[in-house]
Novice: 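My questions all concern the structure below.
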Amino acid sequence: MGEKTFRLYDTMTKQVKELQTKEPGHLKFYACGPTVYSYAHIGNFRSFLTADLIVRVAKAIGWKVTFVNNITDVGHMTDDDLADGQGEDKLEKALKSKEGEHFHNVWELAEHYTNAFENDWRALNLLPPDVRPKATQHVRQQILAAETLIEKGNAYETPTGVYYSVESFPEYGKLSGNTQDNLRQAVRDVVQDDNKRAPADFALWKKDDKHLMQWYSPFGWGFPGWHIECTVMAREYLGDSIDLHSGGEDNMFPHHECEIAQSESLTGQPFSGHWVHTRFLQVNGEKMSKSAGNFYTVRDLIAKGADPLAVRYGLIAGIYGKPLNFTDQGVRDAQANIERYRKADQIAKSSSGDGPDTLGPMLDDLYNQTLEALCNDLNTPVALAKALEGARTIIKEGDSITRATGDSAKRFLDGVNSLLGIVYSEYDDGFTAIQASAPNVDASLIEAKIVERAEAKASKDFARADAIRKELEELGIELRDSPTGTEWVVKSSL
RNA sequence: GGCGCCGUACCCAAGUGGCUAAGGGAAGGGACUGCAAAUCCCUCAUUCAACAGUUCGAAUCUGUUCGGCGCCUCCA
């Protein structure tokens with residue numbers, strides 16, 4: 001099993017290549033986290049799910065994984081800050097907005113959205129990172145990094161801040177293709193900051209004693225630049241040279257390009273051996289973003305009745321390297337399959353009786369095909385198809401499942417869940433972390449109605465039985481008769 | 001102006017040189033059911049945006065055209 005190779009597209013070399021670990025069997029992985037000035041949307045989570053799947057696959061092939069996912073809780077400039085530093089901070093801006101009225105200050109606001117992010121993370125059943133560092137807790141290291149870069153001749157101080165000199169790093173642009181030559185050809189109306197040596201130079205530190213979040217540094221009061229936090233935190237928790245770095249496609253430039261320049265200037269070592277970028281999630285064929293205001297959040301979808309695992313399923317239903325068109329219909333499609341897994345799980349757990357294991361080899365084979373698909377550049381559609389084939393096989397076995405077959409089924413479902421996270425949640429509070437807007441109907445009332453209907457059915461009063469069923473349906477409750485009794489489920493309003 | 005992605009059935013979505021173009025949803029038929037729901041079985045692209053070319057052979061490679069999207073500025 002140890003020889004299994006994990007192949008992933010690498011943005012740097014523009015090809016699918018084997019993911020390798022510098023330390024044998026130990027993957028060091030950094031995934032850029034969210035800026036916590038608002039609720040993360042499902043597009044953000046698509047990118048984190050890519051990271052989650054990578055972690056799961058790495059573990060499945062026997063690797064140890066150290067996974068770092070940061071929180072960007074320092075606001076950075078929203079507008080073009082090149083000109084005069086008058087750009088408004090994202091956190092400050094959020095504080096002034098309508099939602100911001102609930103918070104006393106930016107720190108509270110950041111904390112609130114950090115907690116919300118972590119709740120959504122759990123609801124979507126992402127494995128916890130080994131470290132979740134916050135930018136604000138690493139300001140000292142960021143200042144030190146800026147000082148070191150000045151000493152090394154890669155950065156310089158101006159009246160407005162400390163800037164990294166792109167000219168000092170000839171390889172700038174090797175990740176995104178935005179080389180200095182190409183950037184010069186850009187025809188954008190970038191406002192020139194006279195204090196900077198070159199327009200592409202970026203801030204390591206901004207001097208600003210009016211900023212709501214500010215720290216004291218050798219350069220005076222101010223706050224760190226956007227890119228330096230990841231350089232510093234990746235190095236602190238994973239070392240000078242990491243195996244894999246991931247993010248959304250928009251992180252390629254400038255963020256990751258700048259990280260490479262900073263990190264490699266500081267350490268003299270290749271920053272990351274592999275780069276993975278998740279394509280944007282689209283909604284009805286259009287880009288979704290916080291600024292565009294057309295975004296779905298995990299909590300909104302759950303409030304509308306979506307099963308969190310179905311949201312997860314919907315988000316991994318396409319290959320991470322291609323745009324995925326997310327729709328309500330997609331969640332409904334996923335819901336049907338999530339229910340199949342639940343049914344298969346129930347059947348596996350209710351196995352009884354002696355008899356041969358009729359499914360073991362077949363399920364083992366399907367598990368291997370699922371893993372194989374994921375090892376092939378994270379081909380989730382094929383992996384989901386293979387896994388589902390196994391679930392359907394188990395369901396077909398039904399109540400007659402033997403204990404031996406049931407054990408194989410359980411092993412299969414556990415295996416599939418460890419790979420894809422779609423059978424059951426890792427978290428006890430998976431479903432309660434964010435409570436679905438269950439209809440305001442008392443469970444005991446429903447049970448009473450079911451009993452009443454059973455009596456009506458027993459006395460062949462089908463008109464009355466159907467009336468009760470319809471009554472509950474209008475309350476959003478769906479009844480399912482089975483040989484062992486009547487069950488009820490909450491109907492999704494999606 | 002620079003860099004890049006995509007166009008496969010009603011919808012979502014694999015496949016990127018060679019058996020009959022995965023899978024899910026929807027739809028239609030059947031089994032089961034008092035009737036439903038759920039579940040199971042069956043059907044559902046001679047065809048991969050269009051055109052031209054390379055090849056014994058292409059959805060897969062090359063070129064052109066049309067259409068959609070993204071980055072270059074905060075964004076996953």
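As the structure is a prediction and not an experimental result, all values here were calculated from the model. Keep in mind that the numbers below use all heavy atoms, side chains included, and drop hydrogens, waters and symmetry copies. In what follows, chains carry the letters A, B, and so on, assigned in the order in which the sequence lines appear, proteins first and then strands, with residues in each chain numbered from 1.
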Novice: Are Asp345(A) and Lys349(A) close enough for a salt bridge, meaning some N to O gap below 4.0 Å?
Specialist: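 Salt bridge present between Asp345(A) and Lys349(A).
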Novice: If you measure from the P atom in C71(B) to the same atom in C75(B), how many Å do you get, rounded?
Specialist: 12 Å
Novice: Taking the side chain as C-beta and beyond, is there a heavy-atom pair between Thr278(A) and Leu49(A) under 4.5 Å?
Specialist: no
Novice: For Glu249(A), is there an ion pair with Arg279(A) - N to carboxylate O distance below 4.0 angstrom?
Specialist: yes
Novice: Can you list every salt bridge (Lys or Arg N to Asp or Glu O under 4.0 Å) pair that touches residues 463-474 of chain A, not counting sequence neighbours?
Specialist: Lys449(A)-Glu471(A), Glu452(A)-Arg464(A), Asp466(A)-Arg469(A), Glu473(A)-Lys491(A)
Novice: Of the nucleotides A14(B), C40(B), C12(B), which has the atom closest to the Ile319(A) side chain?
Specialist: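 Among A14(B), C40(B), C12(B), the one nearest the side chain of Ile319(A) is A14(B).
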Novice: Find the partner of U16(B): check Watson-Crick (N1-N3 plus N6-O4 or O6-N4) and G-U wobble (N1-O2, O6-N3) distances, both under 3.5 Å, and reply none if neither fits.
Specialist: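 No nucleotide pairs with U16(B).
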Novice: Could you give the distance separating C40(B) and G23(B) at their P atoms, to the nearest angstrom?
Specialist: 14 Å
Novice: Can you give each donor-acceptor pair under 3.5 Å made by side-chain atoms of residues 169-176 of chain A, sequence neighbours left out, with the distance rounded to 0.1 Å?
Specialist:
| unit_1 | atom_1 | unit_2 | atom_2 | d |
| --- | --- | --- | --- | --- |
| Glu171(A) | OE2 | Lys174(A) | NZ | 3.2 |
| Lys174(A) | NZ | Glu264(A) | OE1 | 2.9 |
| Ser176(A) | OG | Asn178(A) | N | 3.1 |
| Ser176(A) | OG | Glu257(A) | OE1 | 2.6 |

Novice: How far, in whole Å, is U62(B) from U16(B) if one measures between their P atoms?
Specialist: 15 Å
Novice: What integer distance in Å separates Ile394(A):CD1 from U39(B):C1'?
Specialist: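 It is 15 Å, rounded to the nearest whole Å.
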Novice: Over all strands shown, is Phe280(A) touching base, sugar-phosphate only, or nothing at heavy-atom distances under 4.0 angstrom?
Specialist: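 Here Phe280(A) touches the bases of the nucleic acid.
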Novice: Using the test side chain to side chain contact (heavy atoms under 4.5 Å, CB included), find all partners of Asp333(A) that sit at least two apart in sequence or belong to another chain.
Specialist: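 Counting only residues at least two positions away or on another chain, Asp333(A) forms a side chain to side chain contact (heavy atoms under 4.5 Å, CB included) with Gln329(A).
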Novice: Under 3.5 Å, which protein N or O atoms sit close to an N or O of nucleotides 3-10 of chain B? Give each pair with its distance.
Specialist:
| unit_1 | atom_1 | unit_2 | atom_2 | d |
| --- | --- | --- | --- | --- |
| C3(B) | O2' | Ser176(A) | O | 3.4 |

Novice: Examine A37(B): is either OP1 or OP2 under 4.0 Å from a nitrogen or oxygen in the side chain of Trp488(A)? Give yes or no.
Specialist: no
Novice: Can you figure out which of C40(B), C35(B), A14(B) approaches the side chain of Lys396(A) most closely?
Specialist: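 Among the listed nucleotides, the one closest to the side chain of Lys396(A) is C40(B).
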Novice: Quick test of your reading of the model: are Asp10(A) and Lys17(A) salt-bridged, counting only N-O distances below 4.0 Å?
Specialist: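 So Asp10(A) pairs with Lys17(A) through a salt bridge.
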Novice: Is there a side-chain contact between Pro128(A) and Glu118(A) (heavy atoms, below 4.5 Å)?
Specialist: no
Novice: Find the distance Lys460(A):NZ to U33(B):C1' and express it as a whole number of Å.
Specialist: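 Distance check: Lys460(A) NZ to U33(B) C1' gives 12 Å.
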Novice: Leu472(A) has an atom CG; how far is it from atom P of A37(B), in whole Å?
Specialist: 17 Å
Novice: Once side chain to side chain donor-acceptor pair (under 3.5 Å) is applied, what residue pairs with a partner in residues 311-323 of chain A remain, sequence neighbours excluded?
Specialist: Asp52(A)-Arg312(A), Tyr313(A)-Asn337(A), Tyr320(A)-Asp377(A)
Novice: How is Arg480(A) classified with respect to the nucleic acid when contacts are heavy atoms under 4.0 Å: base, sugar-phosphate, or nothing?
Specialist: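 Base contact.
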Novice: Pick the C1' atom in C66(B) and in C74(B), then give their distance to the nearest Å.
Specialist: 34 Å
Novice: In terms of relative ring orientation, are His112(A) and Phe103(A) parallel, tilted or perpendicular, with 30° and 60° separating the classes?
Specialist: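 The rings of His112(A) and Phe103(A) sit tilted, inter-plane angle from 30° to 60°.
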Novice: Atom NE2 of His277(A) and atom C1' of C72(B): how far apart are they, to the nearest Å?
Specialist: 14 Å
Novice: I'd like to know if Glu487(A) and Arg342(A) make a salt bridge, using a cut-off of under 4.0 Å between side-chain N and carboxylate O.
Specialist: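 So Glu487(A) does not pair with Arg342(A) through a salt bridge.
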Novice: Does Lys470(A) put a side-chain nitrogen or oxygen below 4.0 Å from OP1 or OP2 of A36(B)?
Specialist: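 Checking Lys470(A) against A36(B): no side-chain N or O falls below 4.0 Å of OP1 or OP2.
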Novice: Identify the nucleotide, in any strand shown, that forms a Watson-Crick or G-U wobble pair with C51(B), with both distances under 3.5 Å; if there is none, say none.
Specialist: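 Here C51(B) is engaged in a pair, and the nucleotide opposite it is G63(B).
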Novice: Can you tell me if Asn115(A) has over 12 outside heavy atoms packed within less than 6.0 Å of its CG?
Specialist: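 Yes, enclosed.
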Novice: What does Gly43(A) touch in the nucleic acid at a heavy-atom separation under 4.0 angstrom: a base, only the sugar-phosphate, or nothing?
Specialist: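 Touches a base.
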Novice: From CG of Leu91(A) over to P of C74(B), roughly how many Å is that when rounded to an integer?
Specialist: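 Result: 15 Å.
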Novice: Report which part of the nucleic acid Arg453(A) touches: base, sugar-phosphate, or nothing (heavy-atom distance under 4.0 Å, all strands).
Specialist: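 The residue Arg453(A) makes base contact.
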Novice: Is Glu372(A) salt-bridged to Lys386(A), cutoff N-O under 4.0 Å?
Specialist: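 Looking at Glu372(A) and Lys386(A), the cut-off is not met.
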Novice: Expressed in angstrom and rounded to an integer, what is the separation of Asn376(A) atom CG from A14(B) atom P?
Specialist: 13 Å
Novice: How many Å lie between CG on Asn44(A) and C1' on C74(B), as a whole number?
Specialist: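 Distance check: Asn44(A) CG to C74(B) C1' gives 13 Å.
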Novice: Between U65(B) and C10(B), how far is it from one P atom to the other, in whole Å?
Specialist: 28 Å
Novice: With no angle test and no hydrogens, is the base of G15(B) tied to the side chain of Asn379(A) by a donor-acceptor pair under 3.5 Å?
Specialist: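 Per atom types, no contact qualifies.
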Novice: Could you tell me how far U8(B) sits from A58(B) if I compare only their C1' atoms? Round to whole Å.
Specialist: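 A58(B) and U8(B) have their C1' atoms separated by 14 Å.
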Novice: Please tell me which of Leu479(A) and Leu324(A) maps to the more 5' nucleotide of RNA chain B, matching each residue to the nucleotide holding its nearest heavy atom.
Specialist: Leu324(A)
Novice: Which whole-number value in Å describes the distance from Arg342(A) CZ to A37(B) P?
Specialist: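 So the CZ-P distance, Arg342(A) to A37(B), works out to 21 Å.
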Novice: Just name whichever nucleotide pairs with U43(B), Watson-Crick or G-U, keeping both distances under 3.5 Å, else none.
Specialist: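 Answer to the pairing question: A27(B), which forms a Watson-Crick or G-U pair with U43(B).
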Novice: Provide the Watson-Crick or G-U wobble partner of A22(B), both distances under 3.5 Å; none if there is no partner.
Specialist: none
Novice: Return a single string for nucleotides 21-30 of chain B, one symbol per nucleotide in 5' to 3' order, where B is base contact, S is sugar-phosphate-only contact and - is none, cutoff 4.0 angstrom on heavy atoms.
Specialist: -BSBS-----
Novice: What integer number of Å spans the P atoms of C48(B) and A59(B)?
Specialist: 7 Å
Novice: Using purine N1 to pyrimidine N3 plus N6-O4 or O6-N4 for Watson-Crick, or N1-O2 and O6-N3 for G-U wobble, both under 3.5 Å, which nucleotide pairs with A58(B)?
Specialist: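 Answer to the pairing question: none, since A58(B) forms no Watson-Crick or G-U pair.
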Novice: Using atom P of each nucleotide, how far apart are U64(B) and A21(B) to the nearest Å?
Specialist: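 To the nearest whole Å, 30 Å.
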Novice: Would you kindly check whether a donor in the side chain of Arg469(A) faces an acceptor in the base of A37(B), or vice versa, at under 3.5 angstrom?
Specialist: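 No.
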Novice: If we call it a pair only when both distances are under 3.5 Å in a Watson-Crick or G-U wobble match, what pairs with A36(B)?
Specialist: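 Across all strands, not a single nucleotide pairs with A36(B).
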Novice: If you check every side-chain atom of Asp466(A), which of C41(B), G34(B), A36(B) has the closest atom?
Specialist: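 Taking heavy atoms from C-beta onward, the closest nucleotide is G34(B).
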Novice: Quick one: look up who C69(B) pairs with, Watson-Crick or G-U, both distances under 3.5 Å, and put none if it's unpaired.
Specialist: G4(B)
